[in-house]
4 protein chains.
Amino acid sequence: MQLFKEGLVINPPSTNGTLTQPDSKLRARYHAVRNMSEQICRPLTPEDCVIQSMPDASPIRWHLAHTTWFFETFVLKPSRPGYSVYEPAFEYLFNSYYNQVGEQFPRSQRGLLSRPGMAEVMQYRQVVDHAIDELLEDEENGQLDELFAVLELGLHHEQQHQELMLTDVKHLFSCNPCSPVYRPRSDPHPAPLPPMDWMPGDEGVRWIGHDGEGFAYDNEGPRHEVLVQPHQLASRLVTCGEFLDFIDSGGYERPELWLSLGWQTVTQQAWRAPLYWQQHDGQWNHFTLAGREKLKPNEPVCHVSFFEADAYARWAGCRLPSEAEWELAAAENGDMVGATFAESQRFHPASAPSMDDGRLQQLFGDVWEWTASPYTPYPGYQAPEGAIGEYNGKFMCNQYVLRGGSCATSRSHIRATYRNFFPPEARWQFTGIRLAK
Amino acid sequence: MQLFKEGLVINPPSTNGTLTQPDSKLRARYHAVRNMSEQICRPLTPEDCVIQSMPDASPIRWHLAHTTWFFETFVLKPSRPGYSVYEPAFEYLFNSYYNQVGEQFPRSQRGLLSRPGMAEVMQYRQVVDHAIDELLEDEENGQLDELFAVLELGLHHEQQHQELMLTDVKHLFSCNPCSPVYRPRSDPHPAPLPPMDWMPGDEGVRWIGHDGEGFAYDNEGPRHEVLVQPHQLASRLVTCGEFLDFIDSGGYERPELWLSLGWQTVTQQAWRAPLYWQQHDGQWNHFTLAGREKLKPNEPVCHVSFFEADAYARWAGCRLPSEAEWELAAAENGDMVGATFAESQRFHPASAPSMDDGRLQQLFGDVWEWTASPYTPYPGYQAPEGAIGEYNGKFMCNQYVLRGGSCATSRSHIRATYRNFFPPEARWQFTGIRLAK
Amino acid sequence: MQLFKEGLVINPPSTNGTLTQPDSKLRARYHAVRNMSEQICRPLTPEDCVIQSMPDASPIRWHLAHTTWFFETFVLKPSRPGYSVYEPAFEYLFNSYYNQVGEQFPRSQRGLLSRPGMAEVMQYRQVVDHAIDELLEDEENGQLDELFAVLELGLHHEQQHQELMLTDVKHLFSCNPCSPVYRPRSDPHPAPLPPMDWMPGDEGVRWIGHDGEGFAYDNEGPRHEVLVQPHQLASRLVTCGEFLDFIDSGGYERPELWLSLGWQTVTQQAWRAPLYWQQHDGQWNHFTLAGREKLKPNEPVCHVSFFEADAYARWAGCRLPSEAEWELAAAENGDMVGATFAESQRFHPASAPSMDDGRLQQLFGDVWEWTASPYTPYPGYQAPEGAIGEYNGKFMCNQYVLRGGSCATSRSHIRATYRNFFPPEARWQFTGIRLAK
Amino acid sequence: MQLFKEGLVINPPSTNGTLTQPDSKLRARYHAVRNMSEQICRPLTPEDCVIQSMPDASPIRWHLAHTTWFFETFVLKPSRPGYSVYEPAFEYLFNSYYNQVGEQFPRSQRGLLSRPGMAEVMQYRQVVDHAIDELLEDEENGQLDELFAVLELGLHHEQQHQELMLTDVKHLFSCNPCSPVYRPRSDPHPAPLPPMDWMPGDEGVRWIGHDGEGFAYDNEGPRHEVLVQPHQLASRLVTCGEFLDFIDSGGYERPELWLSLGWQTVTQQAWRAPLYWQQHDGQWNHFTLAGREKLKPNEPVCHVSFFEADAYARWAGCRLPSEAEWELAAAENGDMVGATFAESQRFHPASAPSMDDGRLQQLFGDVWEWTASPYTPYPGYQAPEGAIGEYNGKFMCNQYVLRGGSCATSRSHIRATYRNFFPPEARWQFTGIRLAK
């Protein structure tokens, strides 16, 4: 079994950012983020919220409780002397992987817990939200920068779990032969697909990584110089139609296109197409959060593993970008105009706009873009002290960096320096392909 | 993975019984049995009803739907021309193992279905119950013995699933470190344990098996002669206290006491005590449907596998009874007075009464009694034609016969000829030990 | 992983037999049996003798050493005061499953031992044989019946391992795409197949089991009465041609023909034919100890599991015989004339003789015949005390009885009361089918 | 199961090297390398050579045949018109992973083949060696640079397999409770351990990778610039004594020291020390090719995984070097004086010399040094066309680079640019630790 991060890779407040956010704005943001989690659950039944459909996924109710446990453990307990936890058992049940906080209920067994149910977890959220409100009120007259920093981290942490809630529900629903609809969606009239142009990127010794202005996770720093070779990036994402050409030309049957571990996975898992794709009477469809749908050729291909992204690139005579190449491009194309984020409630990537303004399209939102870069520490990286920073570096092995966010990411959560990471075989996130050469 | 029966081993109406039950009584019985299923769910939340805690168990909501599917498939569809099923997908989702009816949703994935949820399944039950009512009304003026026979079978089938619902909930709750209580229980003041006496049984050529009067499953017949050796049966069940002596004398560490497969299981599963037992600070407790409790030494030992029953018997210098020995004894001691069945809502075996009237105690109810008999067809047994009888004989391999019912069995469901069966490693049913020699 | 017996189920000398064999005959028999093991190895290379091709099989060299360890442990050590074992490590390496003797090297890892090699094991055999010779010389003047009894057991034990050596080599060679030949074979000109007649068997209360005259394993007794129903047995074994009809009529694709566990095995293992059968360009061939050969339709079908035997019988509208039915028939047809045993060096079953003398054919030799009887203790059976009898009863679970010996069994090893046993999925022994009804 | 490279990562002749080796020298080198393989087998029995002790390892006889198959397939067949292969089945049996050559016998089943045995494989080697001799004779008058290049590759390929033969035999023998000795060894009188000094390395933009002079594998190029941060390297390897301090301070019980996947491996595999280490009566010993020995504290620690190397470095407040840091240091310290290679026949790493000349010690030989660098393609890397280059890039996933060779590597095989690679959990190679900071 693979271990995955569960969203938390946070920035130690003292090193990477000065948070001078006025308290009232912080309180508003706190409630906005918390409400978003509950809004995501609105189309769901109690039964939907309790099942773990695979070891990589967690029950929705677990996400709701774990993010609340985070605020209780890392904000309320340290700052409120004599704070009494809502329920001591939750310290065990909803700790994800913080060994320094205590032992954890086994991840693979999260789906065995029918209790606490949704009703009680929602009550747990209210109690903690109320205590945070009180805390913020007190602090409005005081000075507790460090506390606000951890609170800010908790909000980004919850946003990461919101994305997981959406991808975990998608996986759960995909297991049901009745193909439940999470949220219906209407697509705009299809527009012509713009050509895939090649845009030269920055080269030579360049700076990447976060500079400490505003929030960032610790794995985005330290900012440092890298040596970038001459290269070009594709102007848009690879589409479903283009990926079908790969399939039709025998892409899943030709070992020479694949990494050795990738070919092993293709063979053992009998992969023949991206996750959620099915062929029925010669027609391809795929499962989406709006139910099962006919494939639209101009939409970006999604739910591909690193192995598939890499094999596709090799088949196309290209390669995947490095994370430095991607970041330098994003730093120049960073306005996120027209990007598809979770706020759109679309929860599905959109086709590239046919109007081409000579810039890189779809860098942000839509789908996470696999890079060729193994997930390693930046030079000089040090994991922060204590439980809160305990687990950042520990995932830097056998995973690859993804960039740019997806249609399930909140716009306020993403930035050019953001490093997401998954093992090369993972497919249940909204993951796609941009080519480089 | 082991395949288990799921309760249905039914009696072909034409061969084994004449059902001349007046219709109104049948209707009353129908509603009584159906209500019992719903009553069992009353202490449960929707979340409790949707989880599959291990491959051998099924979600409660699945049991509720499957038993309804049974009436729809085997009673309504054949007898109501033009009957339109409630939901075509249910024919796939809630078929357990009837290949002649159609393909089945994989058993091990029943816990991946969050929908239909409890609300919809309860509605499904109402619709089917209503159609059955209509059918019975029509039939009151007609003659449809065969139909009534299948209906009767459906009720016994549902009673078997009621027992599984209780044992599956017990397993589910046992996985939760919070030890939820299904139903609180108060025990009478403890009485002295009667001695274990030895009672001689019938010997020579004797008749066993069901004689066709009243309902029986097909595996209980044909009635036939067997040759029984001289033997004695213990007057009561083995108790927790007696089983603790086995543990304390190293029973789980002495390979010479175990069957080879049993020892392999002990080693691989790290068994040290019956299922649900835990030792804490030198004290033994066990999980019950009333929560986690201190062990009571005079209660019958429960949740032991055939392997443990057999090893205990060897350690005690005895053996387990054959099913013929048990049945002959039960035929003589069949009044079931004082037996603990599901109707008591106790859901936990009771200590033997200390007053000893010279008869075998605890033959019925409390715990299923493992016999030494592999589950094989009686001489001349033939599985009935068609889907309804499709799966009886097919479980007659690598399983052992249990007799007498348990505290989770309905009194109206059990009889002296009843043959239950489970693989020798199964422990999640209420299974215990009676000695023979 | 399944645990299998490894041949040893021996008769406690004091109860089941009086061994009054003159010493010189015993010595001759000792050398004859021991030589047979070495003769079986003659066509083999050192490399052939060291590989374990599956967990159920053992390396040939292990068989040679284990049978020698048996004489050292159970004959030499108890009878020769101060006997010094050849190599103390062997007491661990070559103990199969005798917990009362000591710990055992894990069965599944026997193939990891390249040393001791064949040369050293042959030397080990010589040393032990020499010590046995000395012992017998001493004893010729003394009286040591008990010792002779154990020696006799050791010889039967070694004969059982000789059969396993042949079946284990067959499995090993079958894994090699070059299809090595163990021993070439020439078949007589094919004769017409006699019809399958039905012969009535004895019924009523009858005696079965060994009566204590001559050698027998303890599981063959006590002799006891059984009640036998009226029945008929097929006059000969089922042939490859008949089994092909079963395959051609979809036998491996029809769940209704199979036990539930059998169907599960068919599906998981993708069984489509007996072990060692392959279809090539529409023609069936099978691997034999004479290499890969075209299937001969009149030969008995072989290397079928109990599941396949049972499914075939159901397809044919018959059933398998019980072990009592078989034994009663064999007691009347016990002359073994014309039977194919290991002494013929044919190592392959032979077609039934076309001349039909009105008796049951092929009862002995050729292939072991699966019975419908689970392997259980006879009434009154008690495992003997001590290590030597430690492991008899412990295999009496989830296995089926086979009768009659095979083309890999020595004629001097088999008898009408002999009970062989294997799990229902085992196929690598020479196992076939006789029908009953 | 992990897929590993099997030694072949070869240099396309036209790009990376000009081979102007006089033919007679090539022939001498050919025979020297080929003889070395056979010399490695001299202490082995036929039985030693046929067992596969784990999926990562191969039988010795397989290595001998596969390296021969390589010359036959890539040298003889293309250059000798009408060349008839020694045995067509070998093209299937001894192809490791060259899909463009044809299908391969499954890697995990190499231990199921008892034939061809050692005798026949040695004959196969002689036939091919003879054909190569003839070829070289012919070519002495001709011009076949490309052929010589492939031949050279074949020799490096065989040297890689020689190292695997030694590590695979070590693993095989370690499975035997008798602890066989492959080759006795005498160690010099122990000398004091030199201190671990810190030596500054080159920084800034620097060149690494092979420059095309002489032989190199394709993964060593193209030579390219890298940006190196300021850093220091430890002057010698970490010793067994130092690693014992890590163990004694609870290194294997403290999750915070480990990568997440590493901790998962520690837990699942119950790692408590490096591979081959055992604690007996409080004393540590380890299995070596000279048998089981008491641990010597000054010897370099060996048989550690990347996970253990990384955890040790974290515990020591350091990190592992990058491959660029290592290569720049090796380019300056490249004389290999005093290094322990396979030629010494020691097959065990040696303690650091106590005389410290102010240079980095033990860079070459003794143990492969884990680097912090995931194994990725150098910028501009392209796998060569055709089968011979088919499999280089395909292993560039989830593996880490190791540098410097070991006591089982031939001195003529290693160089500063050489990139070895293994998955982070691999331990059966001679792998150790150098610290950086």
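Convention: sequence-line order gives letters A, B, ...; per-chain numbering from 1.
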Pick one of side chain, backbone, both or neither for Ile51(A), based on which atoms fall under 4.5 Å of a heavy atom in chain B.
-> side chain
Given His303(B), which of Phe430(B), Trp277(B), Trp428(B) fulfils the ring pair (Phe, Tyr, Trp, His ring centres under 6.0 Å) condition?
-> Phe430(B)
Neighbourhood of chain A inside residues 166-174 of chain B, taking heavy atoms under 4.5 Å as contact | Leu172(B), Phe173(B)
What option among Pro177(B), Pro116(B), Ser53(B) has the most heavy-atom pairs under 4.5 Å with chain A?
-> Pro177(B)
Donor-acceptor contact below 3.5 Å, side chain Thr67(A) vs main chain Leu64(A) | yes
Is a side-chain N or O of Arg183(B) found less than 3.5 angstrom from the main chain of Gln345(B), in a donor-acceptor match?
-> yes
Using a strict cut-off of less than 4.0 Å between a Lys/Arg side-chain nitrogen and an Asp/Glu carboxylate oxygen, indicate whether Arg427(B) and Glu308(B) qualify as a salt bridge.
-> yes
Under 4.5 Å from a heavy atom of chain A, the part of Met54(B) involved = neither
Taking non-hydrogen atoms and a cut-off under 4.5 angstrom, which of residues 88-95 of chain B neighbour chain A?
-> Ala89(B), Tyr92(B), Leu93(B)
Do NZ/NE/NH1/NH2 and the carboxylate oxygens of Arg125(B) and Glu158(B) come within less than 4.0 Å?
-> yes
Structural part of Pro46(B) lying under 4.5 Å from a heavy atom of chain A | both
Short side-chain to backbone donor-acceptor contact, Gln104(A) and Gly102(A), under 3.5 Å | yes
Side chain, backbone, both or neither: which part of Cys175(B) has a heavy atom under 4.5 Å from chain A?
-> both
Can you find a heavy atom in the side chain of Glu425(A) that is under 4.5 Å from one in the side chain of Gln264(A)?
-> no
Of the non-hydrogen atoms in Tyr98(A) and Phe74(A), which two are nearest, and what is the gap between them?
-> CD2-CZ, 4.0 Å
Side chains of Arg110(B) and Ser58(B): closer than 4.5 Å at any heavy-atom pair?
-> yes
With a 4.0 Å cut-off, would you call Glu47(A) and Arg61(B) a salt bridge?
-> no
The interface call for Gln52(A) against chain B, heavy-atom contacts under 4.5 Å, is backbone
Closest non-hydrogen atoms of Pro180(A) and Phe287(A), given as atom of the first, atom of the second and distance, are O-CZ, 3.6 Å
For each of Leu112(A), Leu44(A), Thr45(A), tally heavy-atom pairs with chain B at distances under 4.5 Å, and name the one with the top tally.
-> Leu112(A)
Just say parallel, tilted or perpendicular for the rings of Trp271(B) and Phe307(B), cut-offs at 30° and 60°.
-> tilted
Does the Glu293(B) side chain pair with the main chain of Thr288(B), one donor and one acceptor, at a distance under 3.5 Å?
-> no
